[in-house]
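Structure record follows, encoded as structure tokens.
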Number of protein chains: 2
Amino acid sequence: MLARYSQIKLAILEQIEAGDMRPGDRVPSENQLTEEFGVSRMTARRALTELVDEGILMRSQGIGTFVSDDRPMSSMLTIRSIHDEITQRGHQHSCQVIQLAEVKACHQMSIWMSVTEGDSLYHSQIVHFENGKAIQFEDRFVNPLLAPAYLQQNFLTITPNQYLNKVAPLTEADHVIEAMLPAMDVAQKLDIAVSQPCLKISRRTFSAQGVVSYAQLYHPGHRYRLGGHLDF
Amino acid sequence: MLARYSQIKLAILEQIEAGDMRPGDRVPSENQLTEEFGVSRMTARRALTELVDEGILMRSQGIGTFVSDDRPMSSMLTIRSIHDEITQRGHQHSCQVIQLAEVKACHQMSIWMSVTEGDSLYHSQIVHFENGKAIQFEDRFVNPLLAPAYLQQNFLTITPNQYLNKVAPLTEADHVIEAMLPAMDVAQKLDIAVSQPCLKISRRTFSAQGVVSYAQLYHPGHRYRLGGHLDF
DNA sequence: TGTATGTACTTGTATATACAAGTTGTTTGA
DNA sequence: TCAAACAACTTGTATATACAAGTACATACA
């Protein structure tokens, strides 16, 4: 059962999606939504406020709330399997599983993955190679409830990403990209010096049921770049 | 007169800024804030909710609200002025113009900017500061035909990005992100050691008339991260 | 000892209400 | 005619309240 403010959000989004409301059009005022949906003004307000925060709507005091302009905003990072990425370049992909085990969630991890501290998590560490050279060290935690057979997978034939996308299709993701010096063990796994900068991507992926996985991906700075293209 | 929920937000931000609360620390619960500031729970809640939306705090039902990792994040999906990015975090932006001149296009640059080798280009070098700390070294080449008054701008009041977007609205962009060690002169401008990794973004921006600008943006790895969110 | 239960906390959702503040159009009055 | 005042709308801020849902810990019980 969805929260009522979520239902109102969906109703508005559907109308925009269907073209019933176009950019610049006025959406019902808080009071109109209050009557239409039989909720209090604060609930209607919450729906509008969140849509404004998400960039879908714009509002001005005294005037009203409106559908904002279309922002096509193609995402610059599509989430692709490292395997596809490498083979698409015509190169050979191989990988080595370093660890595959069940662990207990520490405090930090429990917050990131929205589980209780001490809950079971699956943990995998895999190094990916492109033409024999290490190109990614993947340190990943997985929610066992959403991917119960994770530990039984043969990651030499299917990447974690591919598997997770199969059992719990992605609906959302957020990620952070940073430049850093690798810890000693990371440097060793990537076969680089500790003074070689790394590109690190920390990514949480969501399915409809919640956080599926938290992955930290380390790439040797001199062997890997991220590219993207934006249209406006 | 600031709204009370804004005052509470500021109070919390100041404590984080001052180091009284560090990443992972617990912030007062809604009820504690209610007593401490003499406001209703909904008002305290609004302060926390907005800080969560801004990525400053994280919260879990039944557990509490915590300070999240405090390094600045910028959305990687949109091209924004570094000035907006910094002021939106409530921080102070300043910058220093190192160079502003007309140069001849070298071979490499002529290809990147789709001009003839030897053609005139405008070249600027600017260091941007967040609360006095260098956060971006911007090395930019501009097509004079599309932004003829570029050299006359006062970049202390308008960033190159803002100006270019005004005279030649962006239609497209592509960029490459990489981790690297800074050259000596870059390290010096960012006031970091040459052994400190940098996040480098190389970006070409297009308007309807063609390539407007080619920029190389260097950020200290330990002071800057790129963040993004994807929906499917 | 181990398990269930209760309690006290946390955040999440929802309502009803009040007044402030900004905008627009109409009406009133000089 | 023109300008001030007003009314009717909008969103913005703030309170008091209630219950739901998730977590943690102590306590009671078998």
Side-chain angles (χ1 to χ4, degrees), chain A residues 1-12 21 24-68 104-121 143 145-146 209-211, chain B residues 1-12 21 24-68:
Chain A
M1 183 58 181
L2 269 178
R4 323 240 328 221
Y5 74 88
S6 292
Q7 294 175 25
I8 299 176
K9 282 176 70 176
L10 276 180
I12 294 172
M21 292 194 296
D25 282 0
R26 176 177 216 146
V27 303
S29 74
E30 296 171 359
N31 286 322
Q32 287 170 331
L33 289 175
T34 293
E35 282 203 11
E36 185 178 336
F37 288 89
V39 297
S40 76
R41 187 189 148 209
M42 294 307 280
T43 301
R45 178 176 178 74
R46 176 164 181 181
L48 292 181
T49 300
E50 292 197 1
L51 287 172
V52 168
D53 287 344
E54 291 165 21
I56 314 286
L57 304 179
M58 301 181 301
R59 58 195 343 200
S60 303
Q61 186 174 1
I63 305 201
T65 307
F66 306 87
V67 180
S68 36
K104 299 290 174 200
C106 67
H107 178 66
Q108 192 58 260
M109 202 51 66
S110 71
I111 293 176
W112 278 331
M113 297 203 56
S114 300
V115 298
T116 306
E117 193 172 345
D119 274 8
S120 248
L121 288 178
N143 187 336
L145 301 175
L146 301 180
Q209 288 82 38
V211 179
Chain B
M1 183 58 182
L2 269 177
R4 323 235 338 218
Y5 75 88
S6 291
Q7 294 174 26
I8 299 176
K9 282 176 70 176
L10 276 180
I12 293 172
M21 292 194 298
D25 282 0
R26 177 180 215 144
V27 303
S29 74
E30 297 171 357
N31 285 322
Q32 286 170 332
L33 289 175
T34 293
E35 282 204 10
E36 187 177 335
F37 287 91
V39 298
S40 77
R41 187 189 147 208
M42 294 307 279
T43 301
R45 178 176 178 74
R46 176 164 182 182
L48 292 182
T49 299
E50 293 198 358
L51 288 172
V52 168
D53 288 344
E54 292 165 20
I56 314 286
L57 304 179
M58 299 181 301
R59 58 192 348 197
S60 304
Q61 185 174 1
I63 305 204
T65 308
F66 305 86
V67 179
S68 48

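Chain identifiers are assigned alphabetically (A, B, ...) following the order of the sequence lines, protein sequences preceding nucleic acid strands; residue numbering begins at 1 within each chain.
Residue pairs meeting the salt bridge (charged side-chain N to carboxylate O under 4.0 Å, His left out) criterion with at least one member in residues 29-38 of chain A, sequence neighbours excluded, are A/E30-A/R41, A/E30-A/R45, A/E30-A/R59.
By the 4.5 Å heavy-atom criterion applied to side chains, A/V211 and A/N143 are not counted as neighbours.
For A/F66, the side chain to side chain contact (heavy atoms under 4.5 Å, CB included) test picks out A/R26, A/I63, with sequence neighbours left out. By the side chain to side chain donor-acceptor pair (under 3.5 Å) test, A/T43 is found to be paired with A/S40, residues two or more places apart in sequence or in another chain being considered. The side chain to side chain contact (heavy atoms under 4.5 Å, CB included) test applied to A/Q32 returns A/P28, A/S29, not counting sequence neighbours. A/A3 meets the side chain to side chain contact (heavy atoms under 4.5 Å, CB included) test with A/Y5, A/S6; sequence neighbours excluded. Scored by the side chain to side chain donor-acceptor pair (under 3.5 Å) test, A/S60 finds no partners at all (sequence neighbours excluded).
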Can you name the atoms? Protein N/O to nucleotides 10-12 of chain D N/O, anything below 3.5 Å, with the distance.
from: D/dT10; atom 1: OP1; to: A/S29; atom 2: OG; distance (Å): 2.9
from: D/dT10; atom 1: O2; to: A/G62; atom 2: N; distance (Å): 3.2
from: D/dT11; atom 1: OP1; to: A/T65; atom 2: OG1; distance (Å): 2.9
from: D/dT11; atom 1: OP2; to: A/E30; atom 2: N; distance (Å): 3.2
from: D/dT11; atom 1: O2; to: A/Q61; atom 2: NE2; distance (Å): 3.4
from: D/dG12; atom 1: OP2; to: A/R45; atom 2: NH1; distance (Å): 3.3
from: D/dG12; atom 1: OP2; to: A/R45; atom 2: NH2; distance (Å): 3.2
from: D/dG12; atom 1: OP2; to: A/R59; atom 2: NH1; distance (Å): 2.9
from: D/dG12; atom 1: N7; to: A/R41; atom 2: NH2; distance (Å): 2.8
from: D/dG12; atom 1: O6; to: A/R41; atom 2: NH1; distance (Å): 2.9

Protein and nucleotides 3-6 of chain D: nitrogen or oxygen contacts under 3.5 angstrom:
none

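Applying side chain to side chain contact (heavy atoms under 4.5 Å, CB included) to A/I12 and the options A/L33, A/T65, A/V67 leaves one that passes, A/L33.
Rounded to whole angstrom, the span from the CZ atom of A/F37 across to the C1' atom of C/dA14 amounts to 16 Å. When rounded to the nearest whole Å, the span between CD of B/E35 and P of D/dA16 equals 13 Å. B/L33 places its CG atom 14 Å from the P atom of D/dA14, with the value rounded to the nearest Å.
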